[in-house]
Amino acid sequence: MDRQFPMLRVSLSRLQANAREITSRCAARGIEVCGVIKGCDGMPEVARAMRRGGVTSLGTSRLEQVERCRAADVPGPYMLLRVPALTELPDLVRLCDASLQSELTTLEALEAECARQGRNHKVIVMADLGDLREGFWDKDALIDACLRVERDMPRLHLQGIGVNLGCVGSVQPTPEKMQDLLALARRVEAAIGRRLETISGGATSSYTLVHWGTMPEGINHLRIGENILLGKDLQVDWGIRDMDYLAMDTFTLTAQVIEVKTKPSYPQGQLCIDAFGHKPSYTDYGIQRRVLLALGRADAGEVESLIPREEGVTVWGASSDHCILDVTHSPREFRVGDTVDFSLSYVNLLYASARSDVRVVFEE
Ligand SMILES: *Cc1c(COP(=O)(O)O)cnc(C)c1O
């Protein structure tokens, strides 16, 4: 089938420029950047643009994406960011050079798998400093695990320790949190009797400290996805205005208009639940000019997070395969067959990039 829309346009030059802006600022502070490609389904073209923009390794949560990039000859090294499931270990050892880890059981099984394949693998052991996702909460247990890797697991190399913040528990990365990580690294180093190569201070949210010049010395690695891919979270959601050296129009989602009507803004009849089992509340804005798009939650997830590229257009609602725009205040005369462009939020990119029926077009 030759489906034209929805279409996802990808500006590889803007992605490369974003990567360059970030990696050069990080390099000035002795920080290496792992470019994280999971937000765009690990598109090899994007991975390559990140590499050209100066990231020194590539990271993702999904091994399928590593396989895809390797098949496309995008140079690694590759790091698995989601702590691996036991059933993933054979592919992890085959495909990745390094991984984040938080369970002794998994480390032991990984050592055994490495021995089976005759390969070596680097690990970064994760500490949980309050965000409450992966990582050791008990710091003594983390040091024990590091010691076990160092002493008893010859196929594994303890590359360092790391932390993730600002994802699940919405905990803000601060210089204090980074100092906690550094103090823990010093304890691990004392226990194993050598320096760690990598102290990985987090993701996009931790880049704020590089931007503000408050990242403590010693943090030498970040894993950055969103800020390269979209540059939106920190500039829009955090409201950091002087980060405008990052482009936010790296990806464009274009959808086609399938209906243009004038309708009431308040549903008519007895209200029960919507297609997703929710009981939304509606506000009566009177009569609206409305545009229906051939685009839905199946394509873009939370479509309310899409950012229309033109004035006077707002997303009013959506179901799996439809999106409704309120264009009452738009100067444009919409017609069936027209197209509408959007910038994307992370969740939109996550869905749109991974759908086989969204056409992807790469631009320089
Ligand atoms: C997704 C992920 C990242 C990158 O997150 P961004 O917010 O996109 O920069 C970094 N580290 C881990 C462990 C992750 O899962």
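Both ligands and their constituent atoms are indexed starting at 1 by order of listing. The structure presented is a predicted model; accordingly, all values stated were derived computationally and were not measured. Each residue takes its place number in the sequence, starting with 1.
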| Side-chain heavy atoms of Leu344 within contact of Lys232, under 4.5 Å | no
| Just checking, Arg290 and Phe334: is the charged tip under 6.0 Å from the six-membered ring centre and within 45° of the axis? | no
| request: Answer side chain, backbone, both or neither: which part of Leu100 comes under 4.0 Å from ligand 1, heavy atoms only. | output: side chain
| message | Using ring centroids (six-membered ring only for Trp), state whether His211 and Tyr245 fall under 6.0 Å. | response | yes
| pair Pro175-Met215: side-chain heavy atoms closer than 4.5 Å | no
| At a non-hydrogen distance cut-off of under 4.0 Å, which region of Thr204 contacts ligand 1 (side chain, backbone, both, or neither)? | both
| Just which atoms of ligand 1 are under 4.0 Å from any heavy atom in Arg133? | 12 (C), 13 (C), 14 (C), 15 (O)
| said: With clusters defined by side-chain heavy atoms of hydrophobic residues (ILVMFWY) lying less than 4.5 Å apart, directly or transitively, does Ile143 cluster with Val83? | reply: no
| task | Determine, stepwise, if the pair Ser13 / Gln16 fulfils side-chain hydrogen bond (donor to acceptor under 3.5 Å, both in side chains). | result | CA-CA 5 Å; Ser13 57; Gln16 182 178 330; over 6 Å; no
| task | Number the atoms of ligand 1 from 1 as they appear, then name those within less than 4.0 Å of a heavy atom of Glu226, with their elements. | result | 6 (P), 8 (O), 9 (O)
| said: With a sphere of 6.0 Å drawn around CD of Glu32, does it hold more than 12 non-hydrogen atoms of other residues, nucleotides or ligands? | reply: no
| note | The atoms of ligand 1 lying under 4.0 Å from a heavy atom of Ile224, numbered in the order shown, are 9 (O)
| Is the closest N or O pair between Val36 and ligand 1 shorter than 3.5 Å? | no
| query | At what distance is the nearest protein heavy atom to atom 12 (C) of ligand 1, and which residue and atom is it? | reply | Asn164 OD1, 3.5 Å
| request: Could you find the nearest protein heavy atom to atom 15 (O) of ligand 1 and give me its residue, atom name and distance? | output: Lys38 NZ, 2.7 Å
| request: Take atom OH of Tyr351 as the centre, draw a 6.0 Å sphere, and report whether it contains more than 12 heavy atoms from other residues, nucleotides or ligands. | output: no
| Which of the ligand 1 atoms, numbered from 1, are nearer than 4.0 Å to a heavy atom of Glu134 | 13 (C)
| Nearest protein heavy-atom contact for atom 5 (O) of ligand 1: which residue, which atom, what distance? | Ala203 CB, 3.4 Å
| query | Got the closest protein heavy atom to atom 11 (N) of ligand 1, with its distance? | reply | Arg223 NE, 2.9 Å
